[in-house]
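Just so we're on the same page: letters track the sequence lines, and every chain starts at 1.
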Protein chains: 2
Amino acid sequence: MVNWFWRRPNRIVVPRLKSRGEDAANVNRVDLAELTPGLLAYLGQAAYLQLVIFEMLAQVVATAPSTAAKEATSRVAALSLERHQALAAEITRKGTVPADAMALYSDRIDRYRTRVTGRDWYETLVASFVTSGLLNDFYRRLAAGLADGVAGRLAVVFASDDGHDLLLEQLRAAIEQDPRLASRLAMWGRRLVGDTLLVARSALAMPQNGHPDEARLEPVFTELIAAHTRRLDALGLTA
Amino acid sequence: MVNWFWRRPNRIVVPRLKSRGEDAANVNRVDLAELTPGLLAYLGQAAYLQLVIFEMLAQVVATAPSTAAKEATSRVAALSLERHQALAAEITRKGTVPADAMALYSDRIDRYRTRVTGRDWYETLVASFVTSGLLNDFYRRLAAGLADGVAGRLAVVFASDDGHDLLLEQLRAAIEQDPRLASRLAMWGRRLVGDTLLVARSALAMPQNGHPDEARLEPVFTELIAAHTRRLDALGLTA
């Protein structure tokens with residue numbers, strides 16, 4: 001399966017940021033359909049990343065500073081498991097054991113997880129918020145390149161509630177209570193973007209000529225970052 | 001709410017074990033209905049304990065030694081969250097915020113959780129298996145003492161799959177692969193029973209005369225332990 005991917009672990013695409021208006025007008029200008037990997041490669045990675053997002057959220061639940069925060073974030077953890085199970089069900093539907101499809105990508109994704117693990121509740125909460133936002137956005141776009149049936153079912157999966165608003169509420173309350181958190185969390189959020197775009201990028205299919213078309217990729221990643229920036233704006237943080 | 005409980009943190013009921021046959025013939029001889037606390041006390045504790053069971057399972061998922069073990073145990077974690085949400089929904093139904101109903105018991109239950117946290121994946125897996133088995137059994141029996149409507153709904157909740165078989169499968173495979181685990185896990189399992197019966201016992205309602213009727217309680221706990229012994233037997237471990 002290795003040749004589905006090109007790997008350049010030392011390079012990250014760092015797109016130029018466009019103005020928000022320009023971006024909003026062009027959301028569907030470039031899509032990822034032609035870069036979508038084979039179905040099992042897509043599902044194995046997406047399902048395993050969703051498990052990793054769940055693990056981050058479970059850590060958020062376990063270390064929550066109050067029963068109310070624990071209760072709210074446990075609902076987000078449940079949603080992340082539902083999403084994982086929907087992806088695993090698609091793997092089963094193809095006649096493959098979900099664990100087998102995921103195991104091919106577990107080492108790389110586990111290394112990613114280590115890099116984006118926060119030092120405390122707040123950082124883990126931001127990590128869950130930022131990485132699930134970026135990755136859900138990315139895999140939602142990528143799904144459009146799959147066969148019609150599964151593309152339709154996955155569109156429903158990715159349109160379902162991912163608990164974003166509940167996390168936003170927790171983060172807003174935390175920053176309101178301790179405004180000094182804002183700069184630390186903004187810095188941490190910036191660090192997460194690079195690693196997350198790299199893990200997303202390595203999921204893309206090798207183009208036929210064997211070389212990634214950077215010029216073609218750039219606007220895709222620019223759009224992912226623009227959506228990320230809007231999510232951080234909603235928190236009052238600078239992306 | 002404190003006077004719903006009597007507290008004797010330094011004493012544990014240690015029932016004599018009867019023979020299996022005797023026990024099986026008398027499963028319903030004593031029930032916990034008269035000892036059932038008020039509805040919100042019951043729900044607050046049961047819902048928070050279910051969250052703690054989820055946290056243990058999430059730890060099992062995060063530290064699983066293989067992708068297959070991670071996938072299997074994540075399904076159990078999802079079931080534990082569903083059960084928690086069903087209990088939280090009953091709290092909401094009574095017009096109370098779930099976090100408020102749970103917060104009264106969080107300190108005591110968090111201390112319990114610390115005591116039953118395993119040192120590695122195997123111990124955390126056994127802890128999830130043993131404590132969820134005992135606590136689900138206990139709260140299922142206690143639910144019979146609640147008002148008819150909620151008692152019926154909770155009977156359905158407690159009859160739903162709690163993932164016991166999936167955990168059993170993981171534990172069996174682990175012990176088969178490394179038979180030296182058996183004695184360590186059996187000893188750890190014994191340690192868990194005392195703490196778990198204590199946290200269960202502190203949930204019972206104060207009898208009208210103000211004194212716990214130890215003679216009445218003993219057979220109840222004997223039955224809980226007999227069911228626990230059968231679960232460990234299924235693993236080939238001595239309870």
Chain B contact via A:Ala88 - which portion, at a heavy-atom distance below 4.5 Å: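 Interface part for A:Ala88: side chain.
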
Stepwise side-chain contact (heavy atoms from CB on, under 4.5 Å) check, B:Leu142 with B:Phe138: CA-CA 6 Å; B:Leu142 211 53; B:Phe138 177 75; 3.7 Å; yes

B:Leu166 to B:Ala72 - nearest heavy-atom pair and separation: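 Closest approach of B:Leu166 to B:Ala72, heavy atoms only: CD1-O, 4.0 Å.
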
Test item: B:Leu197 and B:Ile225 side chains (from C-beta on) under 4.5 Å apart, heavy atoms: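 Yes; the side chains approach each other to less than 4.5 Å.
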
Side chain to side chain, A:Val199 and A:Val116, heavy atoms closer than 4.5 Å: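 The answer is no, as the side chains (C-beta and beyond) never meet within the 4.5 Å cut-off.
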
Working for side-chain contact (heavy atoms from CB on, under 4.5 Å), residues A:Leu181 and A:Leu171: CA-CA 10 Å; A:Leu181 277 174; A:Leu171 276 167; over 6 Å; no

Donor-acceptor pairs, chain B vs chain A, cutoff 3.5 Å:
residue : atom : partner : partner atom : Å
B:Glu55 : OE2  : A:Lys70 : NZ           : 2.6
B:Lys70 : NZ   : A:Glu55 : OE2          : 2.6
B:Glu71 : OE1  : A:His84 : NE2          : 2.7
B:His84 : NE2  : A:Glu71 : OE1          : 2.7

Member of A:Val76, A:Val126, A:Leu235, A:Val130 meeting the side-chain contact (heavy atoms from CB on, under 4.5 Å) criterion with A:Leu167: A:Val76

Option that, when pairs with chain A are counted at under 4.5 Å, heavy atom only, ranks first among B:Leu81, B:Val97, B:Val52: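 Looking at each option in turn, the highest pair count goes to B:Leu81.
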
Non-neighbouring partners of A:Ala58 that pass side chain to side chain contact (heavy atoms under 4.5 Å, CB included), sequence neighbours left out: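 A:Phe54, B:Phe54, B:Ala58.
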
